[in-house]
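Along the sequence shown, residues carry numbers from 1. Atoms within each ligand, like the ligands themselves, are counted from 1 in listed order.
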Amino acid sequence: MSQHSTAPAPTSTNVTATPDWWRDAVIYQVYPRSFADSNADGMGDLEGVRSRLPYLRDLGVDAVWLSPFYASPQADAGYDVADYREVDPMFGSLLDADALIRDAHELNLRIIVDLVPNHSSDQHEWFKRAVAEGPGSPLRDRYHFRPGKGATGELPPNDWESVFGGPAWTRITEPDGTPGDWYLHLFAPEQPDFNWEHPAVGDEFRSVLRFWLDMGVDGFRIDVAHGLVKAEGLPDLGTHDQVKLLGNDVMPFFDQDGVHEIYREWRLVLDEYAGERIFVAEAWTPTIERTANYVRPDELHQAFNFQYLATYWDATELRSVIDRTLDAMRPVAAPATWVLSNHDVTRHATRFANEPGLGTQLRLAGDRALGLRRARAATLLMLALPGSAYVYQGEELGLPDVVDLSDEVRQDPAYFRGAGQDGFRDGCRVPIPWTREGSSYGFGAGGSWLPQPAEWAELSVEAQTGASGSTLELYRTALTARRVQPDLGAGDSVEWLTAPEGVLAFRRGRFVCVANTGGEAVTIPAYGEVLVASGELTVVDAEEAKLPADTTVWWTTG
Ligand code: NOJ
């Protein structure tokens, strides 16, 4: 892999040194292709992100996580990386990345980049050479190449299925035109899995870490952090269920104990750098307790809480997942994390507009007004919990998923592989509206790579800025309150208060949060002064208040 000599000089991390900043940080996910387009090609880019940094500073977030912007054929929207040290021309250049990092630091925003170590693109130099050099190429050992089963090797080497549907193996054609070995890809065929048993793979990724740390990034989100190590011998699953991301047993390709050795080595690299830089794991594990293994003191800093993301708007279930999360994180002294939306799941405004039990991949609009009311309430609940919270671009505008995209515009590779469980991810990836008018509602001066619904004009940043009661102003108020109220975000526990059925109430120092997940208004004690509410709360008198259905309120008790 080439070492580019054109990388800009190292950037210092000059954000305010706040010890343990990440323990209660609010981290905003930018999906670069859908955030802001600076060159009118219909595709977002790094310069677009840079131009909108003041918006993110004013929103009140602490850090920005950018989904991949590296050189990539875009078979999986950039999660198929061809060169880990280069920016794809579609997104800009290394100089643009450098300018973005510098400007963010000037604004006291930290930058977290995405690292994709489970697989590369099939257009990565190593993989191209592994195929082109024919059987016996030493580069094949850096991936999982295996002969097929059956009389002529016509069957895949084992029974694993890809997360995107279909077999997790593809057979190559050898340079002489004959059918050859098969290679493993847990995702699309264009995403061959690395063999992490090969020392060159580890060496390469430690070097890639240093490249971006030298560029000045403040951390890494690790893609498929649970998938790098595969069970010895790649055993068949047999009659076992095929891949399910949550709630199943440890699979031979996910959450193998060997992954933790890799992260201990990475932690040593990271800790050589000043400025409290962090790792956050995208680790789908069977239980929260197994997620906690990734954030032991000598491993990673945070892991996404997908059990929380997968929980419906229901007081009993929410209380249970909150307790389980805090109980699991306390022994390893890692902050809990909370997340409701990202680029892989239906936005929470649409999930909560529908019945429970439909999963996180929906094509149904549901009751939009109900979904939005619940989404706002769910966000206030999330932002009141101890630990770090993730906000996905556009949720601060209350955006729903776009559920009626036509098949011709869809790009999610899972959609084209039939049985995959993530087939409808384009609906949460539609470019966000900045202005009421104009081409692509201010996303850029050209079009937009996925069409935006006309009703998004009134959901734009422009339409919501300064509008009393808008979702954007709700986020701004809540994030500002979180910055000035030390009891919000900090700590590792909540004190539950007695509450009517369907209602969650907890105290954290001088702060009380009450969330009504039920369909009826409830009478609750007036705990003090209202800091912020997601709906129209009526304070009856000094003793009592009426909390509407699907509404959350924050109180300060003095
Ligand atoms: C998780 C990413 O979030 C998703 O978008 C991607 O398709 C897979 N990992 C494979 O890289």
Atoms of ligand 1 less than 4.0 Å from [X] heavy atoms?
X	answer
Phe164	7 (O)
Arg425	4 (C), 5 (O), 6 (C), 7 (O)
Val224	9 (N)
His119	10 (C), 11 (O)

Do me a favour and list the nearest non-hydrogen protein atom to [atom] with residue, atom name and distance?
atom	value
atom 6 (C) of ligand 1	Asp76 OD2, 3.3 Å
atom 1 (C) of ligand 1	Asp223 OD1, 2.9 Å
atom 3 (O) of ligand 1	Asp344 OD2, 2.5 Å

Check the angle between the aromatic planes of His348 and Phe352 and answer parallel, tilted or perpendicular using the 30° and 60° thresholds.
->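 Perpendicular, since the angle between the ring planes exceeds 60°.
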Check the angle between the aromatic planes of Phe164 and Phe187 and answer parallel, tilted or perpendicular using the 30° and 60° thresholds.
-> perpendicular
Salt-bridged, Arg347 to Glu395, with N to O below 4.0 Å?
-> no
Among side-chain atoms of Tyr183 and Asp193, is any donor-acceptor pair under 3.5 angstrom?
->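 No, no side-chain donor-acceptor pair sits under 3.5 Å.
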Is it the case that Tyr475 and Thr379 place a side-chain donor and acceptor less than 3.5 Å from each other?
->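 There is such a pair between these side chains.
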With Arg50, which residues qualify under salt bridge (Lys or Arg N to Asp or Glu O under 4.0 Å), at least two apart?
->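 Arg50 satisfies salt bridge (Lys or Arg N to Asp or Glu O under 4.0 Å) with Glu47, Asp103 once adjacent residues are dropped.
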Heavy-atom gap Gln29 to ligand 1 smaller than 4.0 Å | no
Does at least one non-hydrogen atom of Arg429 fall below 4.0 angstrom from an atom of ligand 1?
->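 Contact check Arg429 vs ligand 1: positive.
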Sub-3.5 Å donor-acceptor pair from the side chain of Ser388 to the main-chain atoms of Arg23, do we have one?
->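 A pair under 3.5 Å: no.
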